[in-house]
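This report refers to the structure that appears directly beneath it.
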Number of protein chains: 2
Amino acid sequence: MDAAPNISEVAALIADPSRGTMLTTLLGGQTLLASELARTAGVTPQTASAHLAKMVDGGLILSESHGRNRYFRLASPEVAHVLEALSIVAKPTKVRSLRQSKQTRALHFARTCYDHLAGEVGVALTSKMLEFEWLMSEGKNFAITDRGADGLLAIGVDMRRIPTGRRALARQCLDWSERRYHVAGLLGAAITNRFFELGWIGQKASTRAIEVTKAGAQGLSKNFDIRVDALKSQSETM
Amino acid sequence: MDAAPNISEVAALIADPSRGTMLTTLLGGQTLLASELARTAGVTPQTASAHLAKMVDGGLILSESHGRNRYFRLASPEVAHVLEALSIVAKPTKVRSLRQSKQTRALHFARTCYDHLAGEVGVALTSKMLEFEWLMSEGKNFAITDRGADGLLAIGVDMRRIPTGRRALARQCLDWSERRYHVAGLLGAAITNRFFELGWIGQKASTRAIEVTKAGAQGLSKNFDIRVDALKSQSETM
DNA sequence: ATGATACTTCGATGATAGACGAATAATATG
DNA sequence: CATATTATTCGTCTATCATCGAAGTATCAT
């Protein structure tokens with residue numbers, strides 16, 4: 001029989017700053033190389049290797065070997081959920097360098113949160129979908145209206161083709177930077193995927209930061225009445 | 001401007017086994033003394049004092065002094081949420097002693113999860129309310145039907161008197177022992193409170209384990225068609 | 001084959017922090 | 001006031017673990 005779960009064991013895996021940075025990077029939803037994760041954490045490959053082994057062993061991440069490369073990704077949405085929950089409780093660190101400030105601004109502007117959009121763009125998108133009554137707030141989830149289903153279909157997100165499973169359809173995920181909700185769950189992932197397909201957004205390797213392309217700015221303006229440059233300037237004046 | 005949140009810092013606070021035990025105990029929703037927490041963690045008062053100071057400083061718990069006593073409780077539902085999320089990911093520890101086995105069985109049978117019922121009793125209650133169509137599953141939440149509101153009113157839980165706020169009304173909370181959902185959120189708390197008021201359940205100090213009284217067994221049988229002893233025997237045969 | 005790249009293993013080092021004993025402070029009880 | 005109880009502070013000891021250099025293995029490129 002199982003006793004109470006040992007939360008400290010998992011927490012200890014996240015508690016190391018190098019591992020924390022790796023996990024936060026992987027929360028971008030990407031599958032990354034050991035060397036890339038070593039670089040983002042600022043440690044040597046040996047050190048990174050030890051960290052990654054521990055996290056694989058602890059069930060936080062999964063690895064896949066291709067030739068001499070080894071790829072890592074988060075093990076499950078549950079792990080992502082832990083990282084999100086910690087992000088809410090964690091107090092934000094103060095920005096030190098100009099370089100860091102740039103990165104920070106990019107993260108606040110738009111980023112992936114496991115597999116869906118977060119940051120100003122993610123929150124603006126969610127806010128507009130509520131305003132258009134595509135979504136309705138329903139407790140800790142969103143309900144999708146008929147109008148919403150139509151609207152989403154128009155940009156190529158077909159709700160009927162989203163597989164139903166254990167995972168929530170449209171969860172309200174609290175954004176740590178905006179302190180407002182954005183759409184997570186299957187719908188959040190589907191929309192984000194479609195935006196990638198359409199070339200509206202792009203992501204550099206080993207960053208959570210998302211860039212909105214010209215086509216994306218047009219698409220967001222036309223379909224969602226979102227002025228991307230207005231968001232950007234707002235974040236720059238902060 | 002704020003940079004990315006430092007999740008490792010928070011995780012480090014939970015990563016220590018003594019602190020983990022204290023937090024898990026406080027997840028029972030109780031307000032406990034420093035000495036009680038020292039005992040549950042199995043450390044001396046000095047050591048506990050240092051741990052508690054760190055957790056207060058880190059924003060995980062709040063303290064309140066009454067005379068020479070100092071009481072501690074979890075700082076927020078957000079912190080409870082982190083602990084729950086960690087419980088799901090953490091692998092269960094194996095039971096070693098007979099004493100531990102008893103405690104474990106008690107925890108599996110019924111416990112408080114921050115401020116609502118969990119364990120076999122919590123899951124059974126939720127399951128019955130779904131069966132009776134008092135609740136409807138709705139994504140990651142429950143919706144309360146009119147029939148449900150009536151039924152709850154009959155045992156003294158008045159939905160109209162539950163304050164609406166940021167907190168979800170009836171969240172689906174994944175039970176780490178049963179791996180099924182139980183009712184959390186404001187409704188979960190209201191029901192649990194009422195059960196305490198009715199004397200249906202009781203809790204020993206500094207334990208998360210809940211005992212169902214004779215009155216409770218009758219009440220649960222009459223109102224929810226739950227046979228408490230059937231649950232108990234089931235857990236004993238495991 | 002030969003060298004280059006990606007990752008891992010091993011061993012040594014150094015820093016961190018958790019533990020307790022002893023002593024102190026604050027409050028309650030009689 | 002004296003004494004017991006509760007909690008904290010300080011100093012010391014010890015164990016753990018993150019880190020890296022050096023060396024080793026596996027794969028790719030030419």
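Order of the sequence lines sets the chain letters (A, B, ...), proteins ahead of strands, with each chain counted from 1.
- Partners of A:Asn141 according to the side-chain hydrogen bond (donor to acceptor under 3.5 Å, both in side chains) rule, which considers only residues two or more places apart in sequence or in another chain, do not exist here.
- Rounded to a whole Å, the CE atom of A:Met22 is 13 Å from the C1' atom of C:dC7.
- In terms of the side-chain contact (heavy atoms from CB on, under 4.5 Å) criterion, residue partners of A:Thr40 (sequence neighbours excluded) are, by chain and number, A:Thr25, A:Leu37, A:Ser206.
- A search for ring pair (Phe, Tyr, Trp, His ring centres under 6.0 Å) contacts involving A:Phe196 returns nothing, not counting sequence neighbours.
- If you measure from atom CZ of A:Phe72 to atom C1' of C:dT8, you get 11 Å, rounded to the nearest angstrom.
- Judged as a side-chain hydrogen bond (donor to acceptor under 3.5 Å, both in side chains), and not counting sequence neighbours, A:Asn193 has no contacts.
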Result block: side-chain N/O donor-acceptor pairs under 3.5 angstrom for residues 45-57 of chain A, not counting sequence neighbours:
{"residue": "A:Gln46", "atom": "OE1", "partner": "A:Thr44", "partner atom": "OG1", "Å": "3.2"}
{"residue": "A:Thr47", "atom": "OG1", "partner": "A:Thr44", "partner atom": "OG1", "Å": "3.0"}
{"residue": "A:His51", "atom": "ND1", "partner": "A:Arg19", "partner atom": "NH1", "Å": "3.1"}

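- Applying the side-chain hydrogen bond (donor to acceptor under 3.5 Å, both in side chains) criterion to A:Thr112, with sequence neighbours excluded, gives A:Gln203.
- If you measure from atom CE of B:Met55 to atom C1' of C:dA17, you get 15 Å, rounded to the nearest angstrom.
- Each salt bridge (charged side-chain N to carboxylate O under 4.0 Å, His left out) pair with one or both residues in residues 196-211 of chain A, not counting sequence neighbours, appears once here: A:Arg194-A:Glu197, A:Lys204-A:Glu211.
- The distance from atom CG of B:Asp57 to atom C1' of D:dT8 is 15 Å, rounded to the nearest whole Å.
- Contacts between residues 23-35 of chain B and DNA chain D, defined by a heavy-atom separation below 4.0 Å, involve B:Leu33, B:Ala34, B:Ser35, listed by number.
- For A:Phe195, the ring pair (Phe, Tyr, Trp, His ring centres under 6.0 Å) test picks out A:Trp200, with sequence neighbours left out.
- An angle of 30°, rounded to 10°, separates the two end axes of the helix from C:dA1-D:dT30 to C:dG30-D:dC1, each defined over five pairs.
- Within the structure, salt bridge (charged side-chain N to carboxylate O under 4.0 Å, His left out) contacts touching residues 58-69 of chain A (residues at least two apart or in different chains) are A:Glu64-A:Arg73.
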Quick one, give me the B/S/- string for nucleotides 18-30 of chain D, reading 5' to 3', where B means a protein heavy atom under 4.0 Å from the base and S means that only happens at the primed atoms, P, OP1 or OP2. SSBBB----BB--

